[in-house]
Amino acid sequence: MISRLGTATIRPSLVGRVNPPRLLNTTHTRRGFTCSNVRRAVQEQTEATDPISGIPVKNVSNNANGGAAVQEQSGMFYLDNVFPLRMNMFDIRQLFFRNTKRCIDGRANKAMPATEVLGHGFAVKHMEARIKDGGAIIEFTFKSSLEDKKAVANEIVEKIAKHLEKNKVVASFNLQQVRAFLVKGEPFFEDLVARYPTPRLRIEFQGQPVSVERLYKHLRLYGKIYDISLYPNPHTSKEPARYAIVQFTRIRSATSARNCLHGHMIQGNRLNILYERQLRTNVVKDWIAEHPRITVPIVAAVIAGITYSIFDPMREFFIASRITQRFNPEEYAFYRWLRRETWARLVSGDRHVDQATVFEEDADDISKIRSWLKETPETFVVVTGPRGSGKTGLVSAALLDRHNKILIDCEELANSRNQSEMIVELAKQLGYFPVFTWVASMGKLLDTVIAASTGQSAGIASSPEAQIQKILETAAIALREVSPDELFKEDSKAKKRGILEGLERWVHKKLNTEREEERDPQEIRKDIPVVVLDNFMYRETSMTEHLWSELANFAGLLVENEVAHVVIVSSNVGVNKVLNKALPGQSFETIQTTDANPEMALSFIARQLGTKDLDEKLHACVVALGGRLTELELLVQKLKMKMDPQDALEDIVNRTVVEIRKYGFNETADIEEHQMEWSAIQFWEIVKCLAQNKSVNFDELKFGPFFKGDEKPLWAMERAEIITILYKEGRANSIRPGKPVMYTAFDRLVSDKVFAATMEIETNQYLKKVAEEQMTKYEETVQSLSQIYNGKTPREINGRISYLLKKIEKTQKDIEAYEARITDAKSLVVTAWEDCTSS
C-alpha cells in the first residue's frame with residue numbers, strides 16, 4: 001500500500017554554521033603536508049550533501065564520538081482541504097471563510113498534535129495560505145543530523161497525517177478529510193488571475209524525460225490517477241518527450257501534487273508543474289446543436305410545460321384576486337372605518353354621484369339588470385345607446401352590491417398603438433401576471449433563424465391572436481374557480497366527507513356561521529362573477545377585428561357554461577352581429593339608453609349643485625345644450641366655477657363648433673394625414689338639413705346628388721360620432737346629430753355667413769361640374785344618334801333624341817343657376833367679411 005504521507009523540501013539551516021574542528025596533535029603531524037593538503041583533508045572531513053536534493057552542505061561538524069552532529073533543520077508540509085477551492089473568478093465561496101494569519105494558525109494547530117508527540121524539537125516557523133488551491137504550506141524547524149534529516153521530516157509529517165486520520169479532522173465546508181503531505185520541491189507562490197485549479201496537470205521536464213512508471217510512483221501518493229500521457233509520444237515520434245499530462249480523478253489531488261512536487265528533482269531532472277485547462281466536449285450538447293429540428297421543438301415543449309406548471313397557477317391566482325377584489329382595501333370594513341375617521345375628517349368628501357342616478361327611469365333599468373343578474377347565466381345583458389348617455393354609470397350602479405366582478409375597458413385596448421401594447425393592456429386589466437411579451441419576440445427571432453438555416457419553420461413563434469386567446473382562457477379558468485357553482489358539483493375537491501365534513505360542521509356551529517351548502521340559492525347566485533365589456537367594438541380596424549371576435553367568443557363561453565354573467569356596453573349599432581356569432585340562437589337582454597328631456601336635465605343639475613333654486617336662464621341653456629350626460633356634467637363644472645349659464649353654454653357650443661369643423665370638414669393642419677371617408681360638401685348637406693329639421697330621411701339623402709346611392713360615407717360619419725343613424729324595423733331610417741348640442745352647433749355654422757358662403761361655393765362648383773359632365777354625355781349621345789343612316793335618323797329614334805334634348809335644356813338651366821349661386825356666394829364672402837377684433 002502506498003502511504004498517504006507526502007514529501008517536502010528539506011532545507012538545511014545555515015544559521016548556525018559549525019566551524020571545522022581544529023586538527024588534533026598537530027605537533028605529531030607530518031611536516032611534509034602542505035597547506036593545500038591540509039585544506040583538502042579538512043574539506044573531505046566536513047563537506048556533505050542534502051539527502052533529498054543532493055545540494056552540497058558545508059560547515060557540518062561531527063560530534064566528539066565521531067557521529068554526525070545534531071543541528072536545526074527546516075522543512076515544509078502541505079495541508080490540503082483548509083479552504084474551499086476557487087474554480088473561477090465568480091466563485092464567491094472564499095468570501096465566507098477568513099484567511100487571516102490568526103485563522104490559519106488556528107486551523108494548523110487543530111491539524112497538528114502536540115509538540116511533545118512530534119518530538120525532534122518541532123516548531124512552526126511560517127505559514128503561507130494557498131487560497132486558490134484550498135490549502136496551506138507550513139514551514140517548520142526540527143533538530144536532526146544531516147543524514148537523518150529526510151527520515152525525521154517524514155516521521156514528523158507521518159505523525160501529523162496519522163493524527164488527522166485518527167481524530168477525523170474534516171473541513172466544515174465539505175465534510176472531507178484534511179490531509180498532510182511533505183513538500184519535496186520548491187512551491188510556486190503565485191496569484192495569477194487567469195489560472196485556477198483543474199484535475200489536469202502539465203508536468204514539464206527540464207532535462208531528460210521521466211518515464212510513466214516513475215511519474216506514477218511519485219504522483220499516486222496524492223490521489224487516484226485517471227491517465228498519464230507523454231508528449232510528444234515516444235512511441236510515434238523520434239523526439240524525446242518534453243512534458244506529460246496527468247489527469248487526476250479529483251481536483252484536490254492535483255492541487256496537492258502541484259504544491260508538493262513543483263521544482264522537485266528526479267534523477268537530476270527538475271519538474272515544472274502547471275494546471276492544464278480542460279477542453280470539455282459534451283456529446284449531448286453537440287448533438288443538440290447539430291439537430292435543431294428535433295431539439296428546438298422539444299425545448300419549446302419543456303418551456304411550455306414549465307410555464308403551465310409554474311406560471312399558469314400564479315396567473316389564475318392573480319386574476320381571481322382581481323375578480324374578488326382581494327387586494328382592494330376599499331372592500332375591507334377596517335380600511336373604510338379608518339379612512340372615514342382620519343382622512344375624511346380633514347378633507348371634504350368627494351361627490352360620488354353615480355351616472356345611473358341621473359334620470360328617474362334609470363331606476364327601472366337598474367332593477368332590470370339586477371334581476372337578470374340574480375338568475376343563472378343564460379344570455380348576454382346588452383346595454384346600448386349613444387356615447388355619453390350614461391351606459392357605463394348605469395351598469396356601475398347596478399353592480400354596486402356585487403363583489404365578484406371585473407371590468408374590461410375596450411376603449412383602452414382599441415387605442416393601443418400596436419398589438420403588443422394591446423396584449424399588455426388586456427393582461428393588466430384582467431390581472432394576468434406575469435406576462436412575458438419578450439418571449440413572443442424571441443420566438444419570432446428563433447423561428448426566423450431556424451427557417452433561414454434549415455429551410456423549414458419550427459413553429460415556435462406565437463401570433464398575437466394566440467396570446468390573446470391564451471390570456472382569455474386563463475381568465476375563464478380563474479372565473480370558473482371563483483364561481484360558486486363548484487359547490488353543487490359532485491367533485492372530489494368540493495365534496496367533503498367523513499371527519500373533515502364533521503369538523504367543518506362543528507366549526508360553523510361554534511362560530512354561528514352558515515355553511516355554503518345551507519345557504520339560499522338566491523344568495524349563492526349573488527356570488528356568480530360578472531364580466532363587463534365596456535365600450536365594446538369602440539373602433540373597428542384591422543388590428544381590433546380579431547380582438548372583438550375573441551372577446552365575443554370568450555363571453556359566449558362563460559355564458560354557455562354558466563360560469564359568469566356577461567354585461568356588454570356598446571355604442572356601436574352593429575354589436576348584435578358579432579354577438580350573434582358568439583351565442584347563436586339566443587335572444588339578448590337589451591337596455592337602450594337615451595338623452596334626457598329638459599326637466600330631467602334640470603333635476604340632475606340641481607342635485608349636482610346641491611340647490612333647488614336655479615337661475616331662470618338655465619332652462620334655455622339646457623334646451624340649447626340637450627340632454628346628453630357628458631355635456632350636462634361639463635355645464636355643472638363651469639357653473640361650480642361661478643360662470644354665467646349663458647357664458648358656459650357659449651363656451652361649450654364654441655368648442656363643439658371647433659370640433660365639427662376639425663373632424664367634419666377636415667380643417668386640420670395635415671390634410672394628407674387625416675383623410676376622411678366623406679367629402680366636406682356631403683357633410684355640409686347634412687348640416688344644412690339638420691339645422692332646419694330634427695332628423696333627415698336616410699334613404700332620401702343616400703340617393704341624393706351628393707351620395708348617389710353610396711352609404712359608406714354615412715357609416716363613416718357615424719363612426720366619427722358626428723351623426724347618429726336611427727333604425728326602424730331593423731333598417732336605417734333617419735339621421736340625427738351625434739350629440740344634441742350639435743343642433744345648436746349646426747345652427748351656428750349655417751348662421752356664419754362667410755363660412756356658409758364658402759361652402760355654398762364649393763357645393764355649387766361640384767354640382768356645376770357634375771352637370772357639365774352629364775351635358776357632355778348627352779351631347780355626345782345626340783350627335784352619335786344623329787349620324788345614323790347618314791343623318792337620316794329613323795322615326796323610332798326621334799323620341800330618344802327629343803328626350804335628350806330636353807335633358808340638355810334642363811341641365812343648361814341648372815348650370816346657369818349654379819353659376820348664379822356661385823356669384824352671389826362670392827359677393828357675400830366679400831360683403832359679410834369682418835376683420836378680427838384686436839385684444
Side-chain angles (χ1 to χ4, degrees), residues 347-366 369 383-400 407 409-412 415 532 534-535 538 569-571 591-660 662-663 720-722 724 736-746 748:
V347 296
S348 59
D350 297 333
R351 291 182 179 271
H352 295 285
V353 179
D354 211 290
Q355 290 185 0
T357 61
V358 176
F359 312 128
E360 294 179 357
E361 63 267 20
D362 286 341
D364 298 334
D365 294 334
I366 293 172
I369 295 176
V383 180
T384 59
R387 183 174 299 275
S389 58
K391 302 182 298 298
T392 303
L394 178 69
V395 175
S396 299
L399 298 179
L400 282 178
L407 172 69
D409 190 356
C410 299
E411 182 178 356
E412 297 292 335
N415 290 333
V532 180
D534 193 14
N535 295 314
Y538 171 77
V569 181
S570 178
S571 302
I591 291 179
Q592 178 77 31
T593 59
T594 58
D595 297 323
N597 55 40
E599 289 75 14
M600 294 179 183
L602 288 172
S603 176
F604 163 74
I605 294 174
R607 287 199 303 271
Q608 292 290 317
L609 296 177
T611 179
K612 294 183 179 180
D613 300 329
L614 298 178
D615 194 344
E616 297 179 355
K617 301 178 182 178
L618 198 58
H619 186 274
C621 295
V622 170
V623 172
L625 194 63
R628 187 64 55 88
L629 188 58
T630 52
E631 276 70 33
L632 292 176
E633 289 178 342
L634 183 59
L635 178 62
V636 169
Q637 293 177 6
K638 294 182 180 298
L639 294 177
K640 287 181 178 180
M641 293 187 295
K642 307 302 181 181
M643 286 185 65
D644 185 73
Q646 191 64 34
D647 295 338
L649 175 63
E650 288 294 328
D651 185 63
I652 296 174
V653 172
N654 291 334
R655 182 180 302 180
T656 305
V657 170
V658 172
E659 292 179 355
I660 292 173
K662 179 179 180 180
Y663 298 108
E721 300 178 4
I722 56 178
T724 300
R736 292 184 182 180
K739 296 184 290 186
V741 71
M742 287 186 177
Y743 281 112
T744 306
F746 290 166
R748 296 288 177 88

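In this text the structure is predicted, and so the values were computed from the model without any measurement. As a basis for the values below, the full set of heavy atoms in this structure was taken, side chains included, without hydrogen atoms, waters or symmetry mates.
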Original post:
Okay, side chain of Ser603, backbone of Glu599: is any donor-acceptor separation there less than 3.5 Å?
Top reply: no
**OP:** Go through Ile366 and Leu394 one step at a time and tell me if the side-chain contact (heavy atoms from CB on, under 4.5 Å) criterion holds.
**Re:** CA-CA 7 Å; Ile366 293 172; Leu394 178 69; 3.6 Å; yes
Subject >> Distance, nearest 0.5 Å, that separates CG of Asp595 from CZ of Arg736 >> reply: 9.5 Å
Subject >> For the student: nearest non-hydrogen atoms of Thr611 and Asp613, plus distance >> reply: OG1-N, 3.2 Å
Subject >> Side-chain heavy-atom pair Ile652, Lys638 within 4.5 angstrom cut-off >> reply: yes
Subject >> Among Thr384, Thr593, Thr630, side chain to side chain donor-acceptor pair (under 3.5 Å) partner for Ser389 >> reply: Thr593
Original post:
What are the two closest heavy atoms between Gln592 and Gly385, and how far apart are they?
Top reply: NE2-CA, 3.5 Å
Subject >> Pro386 vs Arg628 side-chain heavy atoms within contact, under 4.5 Å >> reply: yes
Subject >> Distance, nearest 0.5 Å, that separates CD1 of Ile605 from NE2 of His619 >> reply: 10.5 Å
**OP:** Run through Val741, Leu625, Leu649 and flag the one making a side chain to side chain contact (heavy atoms under 4.5 Å, CB included) with Leu635.
**Re:** Leu625
Subject >> Flag, side chain of Asn597 to backbone of Met600, donor-acceptor distance under 3.5 Å >> reply: yes
Original post:
Ile660 and Ile722: side-chain contact (heavy atoms from CB on, under 4.5 Å), yes or no, with the steps?
Top reply: CA-CA 7 Å; Ile660 292 173; Ile722 56 178; 5.5 Å; no
**OP:** Test side-chain contact (heavy atoms from CB on, under 4.5 Å) on Asp409 and Tyr538 and set out the steps.
**Re:** CA-CA 10 Å; Asp409 190 356; Tyr538 171 77; over 6 Å; no
**OP:** Apply salt bridge (charged side-chain N to carboxylate O under 4.0 Å, His left out) to Glu659 and list each qualifying residue two or more places apart in sequence or on a separate chain.
**Re:** none
Original post:
Any idea which heavy atoms bring Gly738 and Thr724 closest together, and the distance?
Top reply: CA-OG1, 3.4 Å
Subject >> Arg748 CZ to Asn654 CG distance, which is reported to the nearest 0.5 Å >> reply: 6.0 Å
Subject >> Spacing of CG belonging to Asp364 relative to CD1 belonging to Ile369, to within rounding of 0.5 Å >> reply: 11.5 Å
**OP:** State, with a plain yes or no, whether a side-chain heavy atom of Val636 is found less than 4.5 Å away from one of Phe604.
**Re:** yes
Subject >> Option passing side chain to side chain contact (heavy atoms under 4.5 Å, CB included) with Leu407 (candidates Thr392, Leu399, Asp534, Val395) >> reply: Asp534
**OP:** Could you pull out the closest heavy-atom pair between Met643 and Leu639, with the gap in Å?
**Re:** O-CD2, 3.6 Å
**OP:** Tell me, please, which residues at least two apart from Arg655 pass side chain to side chain donor-acceptor pair (under 3.5 Å).
**Re:** none
Original post:
In Å and rounded to the nearest 0.5 Å, what is the CG to CD distance from Leu632 to Gln637?
Top reply: 11.5 Å
**OP:** Grab the two heavy atoms, one from Gly626 and one from Pro740, that are nearest each other, plus how far apart they are.
**Re:** CA-CB, 3.6 Å
**OP:** State whether a side-chain donor-acceptor pair under 3.5 Å links Lys391 with Ser571.
**Re:** yes
Subject >> side-chain contact (heavy atoms from CB on, under 4.5 Å) between Asp644 and Lys617, worked out >> reply: CA-CA 9 Å; Asp644 185 73; Lys617 301 178 182 178; 4.0 Å; yes
Original post:
Who passes side chain to side chain donor-acceptor pair (under 3.5 Å) against Arg387, sequence neighbours left out?
Top reply: Glu721
Original post:
Which pair of non-hydrogen atoms, one from Leu629 and one from Gly390, has the smallest distance, and what is that distance?
Top reply: CD2-CA, 3.7 Å
**OP:** Could you tell me whether the side chain of Asp651 and the main chain of Asp647 form a donor-acceptor pair under 3.5 Å?
**Re:** no
